[in-house]
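To start, the structure itself, in structure tokens.
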Amino acid sequence: MNKEEARLRIAALSEELEQHNYNYYILAKPTISDYEFDMKLEELARLEQAYPEYLSPSSPTQRVGGGITKEFQSVAHRYPMLSLANSYSKEDIEEFIERIKKNTEGEVEFCCELKYDGLSISLQYEDGVLVRAVTRGDGVQGDDVTTNVKTIRTVPLKLHGDFPPFFEMRGEIVMPFESFDRLNEERVALGDDLFANPRNAAAGTLKLQDSREVAHRRLDNYCYYMMMDGLEARYQTHYESLMAARRWGFNISNDLRICRSVEEIFDFINYWDEARHRLPFAIDGIVLKVNSYAQQKALGSTAKSPKWAIAYKFKAEEVETELQSVDFQVGRHGTITPVANLAPVLLAGTTVKRATLNNEDFIRQFDLHYGDTVTVVKGGEIIPKIIGVNFDKRQPGAQPVVFTQVCPACGAELIQREGEAAWYCPNALCPPQIKGRIEHFISRKAMNIESLGEGKIELLYDEGLIKDVADLYTLTYNRLFGLTKEIPILDENGIETGKTRKVSFKEKTAQNIVDALEKSKSVPFERVLFALGIRNVGEVVAKTIVAEYHDIDALMKASVEDLSAINTVGETIAMSIRHFFDNPANVALVERLRAAGLQFVKAAPAVSDKAQVLAGKSLIVSGKFSIERDALKRMIEEYGGKNVSSISSKTDYVVAGDNMGPEKRKKAESLGIPIITEDDFYRMIGTAEEANDRNDNGEGSPDSTDPQLSLF
Ligand code: IVH
């Protein structure tokens with residue numbers, strides 16, 4: 001294939017894949033199989049790799065993520081992002097409608113919509129291409145989360161049809177229940193805190209630095225509002241603009257209704273108050289908007305919210321049920337969590353049988369007694385929470401709930417750490433802790449030995465084949481093949497259903513595990529450190545530590561003071577690390593893992609990594625520098641970046657030297673493109689020492705205090 005053929009093929013594949021994406025995610029009518037789609041996507045990725053000059057920022061391959069955002073830039077909204085006035089009753093709605101009718105001329109239509117319980121987002125399009133996605137922030141300024149938003153399948157990267165050259169779509173980013181449940185399951189395995197509801201999870205996800213992880217978490221987007229200069233000259237109504245947006249590729253809900261009376265509006269509200277439990281994502285109410293743009297304009301807005309719209313909020317459902325018993329669960333760090341077993345009760349669409357009681361303080365706060373009638377709500381409609389006790393219904397002679405003093409799994413006496421409400425089992429050999437540590441070790445972000453998931457650790461532990469993570473590396477095909485066991489199936493509340501599932505190691509499973517174990521030996525040191533499961537050492541902390549301590553021997557010797565001196569590593573983390581390595585059993589474990597071939601030394605950056613530093617980035621150099629301008633341009637290319645000659649919204653950075661043209665600066669500022677100094681650029685590509693040398697010699701531009709500096 002020659003270059004021109006490659007260009008044409010890339011264009012055709014991109015177009016075709018975007019259409020399939022639209023068919024699948026927006027129309028829910030796929031016309032090809034997932035397999036065919038993946039094959040075409042792979043072909044496109046291969047061609048883009050071979051011909052990077054044809055890789056477009058809106059290519060369908062960008063949806064898998066990969067881009068890293070070190071720090072989210074704050075950018076000003078072109079139009080402020082207002083919020084909505086709230087209402088909670090029929091009277092509130094009647095009043096709203098009365099007020100609207102009094103202040104407008106002619107008949108009024110209301111567009112009734114779902115109120116998505118997520119995060120509002122502003123999507124900016126130029127010539128049909130998504131150029132920027134910004135969070136609401138304080139309504140005036142938000143964070144640029146474009147790289148992450150591009151991974152959301154229902155956000156069109158390129159539009160089709162008669163779209164205006166510049167406009168903004170406002171919408172909501174939500175995390176569907178399915179994605180939310182899967183994410184929390186993964187977090188259980190990692191021993192990470194669970195997200196309380198899909199909104200928090202969506203917010204946490206949008207702010208992740210690694211867009212590949214954002215792609216993995218499967219967010220969704222619904223658009224509900226268009227903004228541009230001269231909007232009302234193009235469309236007469238809000239509904240009309242949404243229908244146009246749907247044709248261009250936006251995900252616009254089918255559950256919109258034009259209503260003309262309080263009765264019609266309340267039919268819509270009452271229907272969704274019940275039907276919301278069948279939606280695949282959370283809504284927390286209904287939004288009413290005056291449909292006509294002329295009427296909207298006449299009504300105007302306050303500083304906070306438009307006068308032509310209102311939100312009706314559903315009441316959080318709550319229900320009373322009996323507290324039957326309390327279980328105490330042991331986490332991988334030994335934390336004991338009390339869990340209430342409740343008389344099964346229907347709440348917000350699902351049967352609730354359990355609720356977390358957090359810790360001993362929580363039990364005390366409610367003075368919980370066995371047999372109490374408790375009020376349960378779903379926090380953000382998902383996780384059941386006890387919010388009160390009906391003392392009138394307490395039975396005479398009811399016994400108070402007493403926090404266990406011994407570990408329910410191994411019988412060890414529990415301990416409490418100073419300043420913490422939690423109780424811990426101090427026995428590192430307590431079976432749930434061992435299994436928890438092994439599950440964390442094999443998890444995706446740690447050693448990624450996922451073929452060992454789904455009950456297999458349980459089986460191997462119960463069979464006596466593994467009792468710590470180093471034992472995993474003694475497993476061979478012959479030891480694994482043929483093992484089988486029935487394990488209990490748990491329901492969504494973690495209770496045994498009475499049914500069992502067979503876990504078995506067939507030929508392929510056994511081979512996959514052996515292969516995955518072998519592959520895990522090349523997992524880099526920072527992930528191995530994270531996999532060890534040291535208290536308070538998450539993924540990010542592990543990376544920070546490895547940046548300072550390049551091998552485990554140096555780290556094992558580091559004192560609490562040494563460790564606390566690392567930026568962002570506080571004393572708590574430092575003490576956890578010291579505590580871990582002060583235990584000879586942990587040192588012995590590390591030695592066995594080292595002997596098995598795991599990485600305990602930081603890998604030197606591969607030569608080819610150099611070309612990745614600025615991959616996909618467009619830079620423009622302007623002004624005079626301490627080196628020849630062409631030399632600077634060569635460096636940009638050497639590090640994988642692209643030199644461009646004129647500033648557009650697609651430019652990623654302007655490298656500004658002395659005497660940069662004022663016009664260029666103005667344009668860059670108006671488009672919100674970061675302007676960086678020569679030294680910032682050297683820091684970006686990791687040759688900061690060179691830059692410092694230059695400064696020491698009295699050359700180069702002065703140190704910058706530009707906040708954009710830490711972008712990379
Ligand atoms: S319209 C100027 N429509 O609710 C009008 N907002 O409580 C702007 N929201 O910040 C908003 N669903 O994040 C609109 N169908 C919908 C919505 C919706 C959810 C969110 C949005 C807004 C918040 C206000």
Side-chain angles (χ1 to χ4, degrees), residues 25 63-65 67-69 72 114-123 133-137 142-155 171-224 251 253 276-285 313-314 316-317 331 337 347-350 352 354-356 358 377-385 439-440 443-446 492-494 530 538-540:
Y25 290 102
R63 297 208 184 267
V64 295
I68 303 285
T69 315
F72 295 96
L114 305 184
K115 185 171 185 313
Y116 304 95
D117 194 8
L119 299 140
S120 38
I121 191 85
S122 148
L123 303 170
V134 186
T135 62
R136 180 171 188 279
D143 284 340
D144 184 331
V145 287
T146 317
T147 309
N148 286 346
V149 166
K150 276 186 178 178
T151 67
I152 303 172
R153 311 278 154 157
T154 34
V155 171
E172 200 87 347
I173 297 204
V174 296
M175 182 175 279
F177 292 132
E178 197 185 336
S179 312
F180 175 72
D181 292 343
R182 191 185 58 160
L183 174 62
N184 265 352
E185 271 169 35
E186 287 177 1
R187 292 176 77 84
V188 170
L190 284 169
D192 288 343
D193 287 343
L194 299 189
F195 283 115
N197 55 53
R199 185 177 4 90
N200 291 1
T205 303
L206 263 195
K207 291 297 178 67
L208 287 173
Q209 294 188 330
D210 182 357
S211 63
R212 203 178 293 274
E213 178 59 19
V214 181
H216 170 77
R217 292 196 186 174
R218 295 285 164 146
L219 294 168
D220 210 344
N221 168 249
Y222 285 87
C223 286
Y224 47 59
N251 193 26
S253 169
R276 65 182 158 133
H277 305 305
R278 295 190 291 276
L279 283 170
F281 50 80
I283 63 169
D284 59 347
K313 300 274 277 229
F314 295 133
E317 265 193 76
T337 307
L347 175 65
T350 55
V352 170
R354 305 190 103 189
T356 175
N358 300 323
V377 293
K378 280 195 170 181
E381 309 295 319
I382 305 292
I383 295 183
K385 253 195 336 199
E439 261 149 22
H440 166 73
S443 62
R444 202 170 48 87
K445 288 189 198 158
E492 70 280 8
N493 289 300
F530 167 61
E539 257 183 298
V540 178

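Numbering starts at 1 and runs along the sequence shown.
Taking the side chain to side chain contact (heavy atoms under 4.5 Å, CB included) definition, one finds that R182 meets it with E186, H216, R218, sequence neighbours left out. For R63, the salt bridge (charged side-chain N to carboxylate O under 4.0 Å, His left out) partners two or more places apart in sequence, or in a different chain, are E18. Partners of K150 by salt bridge (charged side-chain N to carboxylate O under 4.0 Å, His left out), not counting sequence neighbours: none found. Under the rule for a side chain to side chain donor-acceptor pair (under 3.5 Å), N251 has no partner lying at least two apart in sequence or in another chain. Contacts of A202 classified as side chain to side chain contact (heavy atoms under 4.5 Å, CB included), with partners at least two apart in sequence or in another chain: L119, M175, L219. Considering only residues two or more places apart in sequence or on other chains, E213 meets the salt bridge (charged side-chain N to carboxylate O under 4.0 Å, His left out) condition with R217, R444, K445. In this structure S120 satisfies the side chain to side chain contact (heavy atoms under 4.5 Å, CB included) test together with M81, R136, E172, Y224, sequence neighbours excluded. Remark: T146 pairs with D144 by the side chain to side chain donor-acceptor pair (under 3.5 Å) rule, at least two apart or across chains. Remark: D220 pairs with T154 by the side chain to side chain donor-acceptor pair (under 3.5 Å) rule, at least two apart or across chains. Listed by chain and number, the residues in a salt bridge (charged side-chain N to carboxylate O under 4.0 Å, His left out) with D210 amount to none (sequence neighbours excluded). In this view, Y222 satisfies the side chain to side chain donor-acceptor pair (under 3.5 Å) rule with no residue, not counting sequence neighbours.
Counting only distance, with no hydrogens or angles, the side chain of N221 and the backbone of G171 share no donor-acceptor pair below 3.5 Å.
Of all the heavy atoms in N358 and T356, the pair that sits closest is N-OG1, 3.1 Å. Residues L123 and A133 come closest through the heavy atom pair CD2-CB, 3.9 Å. G65 and A215 make their closest contact through N-CB, 4.4 Å (heavy atoms, listed as atom of the first residue, atom of the second, distance). Residues S211 and T151 approach most closely at O-CG2, 3.6 Å, considering heavy atoms. The two residues I283 and Y116 have their closest heavy-atom pair at CG2-CA, 4.2 Å.
Contact of the T205 side chain with the I173 side chain is not registered, since no non-hydrogen atoms from C-beta on lie closer than 4.5 Å. Put simply, the side chain of V145 reaches to within 4.5 Å of the side chain of I121, judged on heavy atoms.
Atom-to-atom distance recorded for L206:CG and T135:OG1 is 8.0 Å, nearest 0.5 angstrom. Taking CZ from F180 and CZ from R199, the interatomic distance works out to 11.0 Å, rounded to the nearest 0.5 Å. Put simply, CG on D117 and CZ on F314 are 11.0 Å apart, with the number rounded to the nearest 0.5 Å.
Checked for salt-bridge contact, K207 and D143 meet the test: a charged N lies under 4.0 Å from a carboxylate O.
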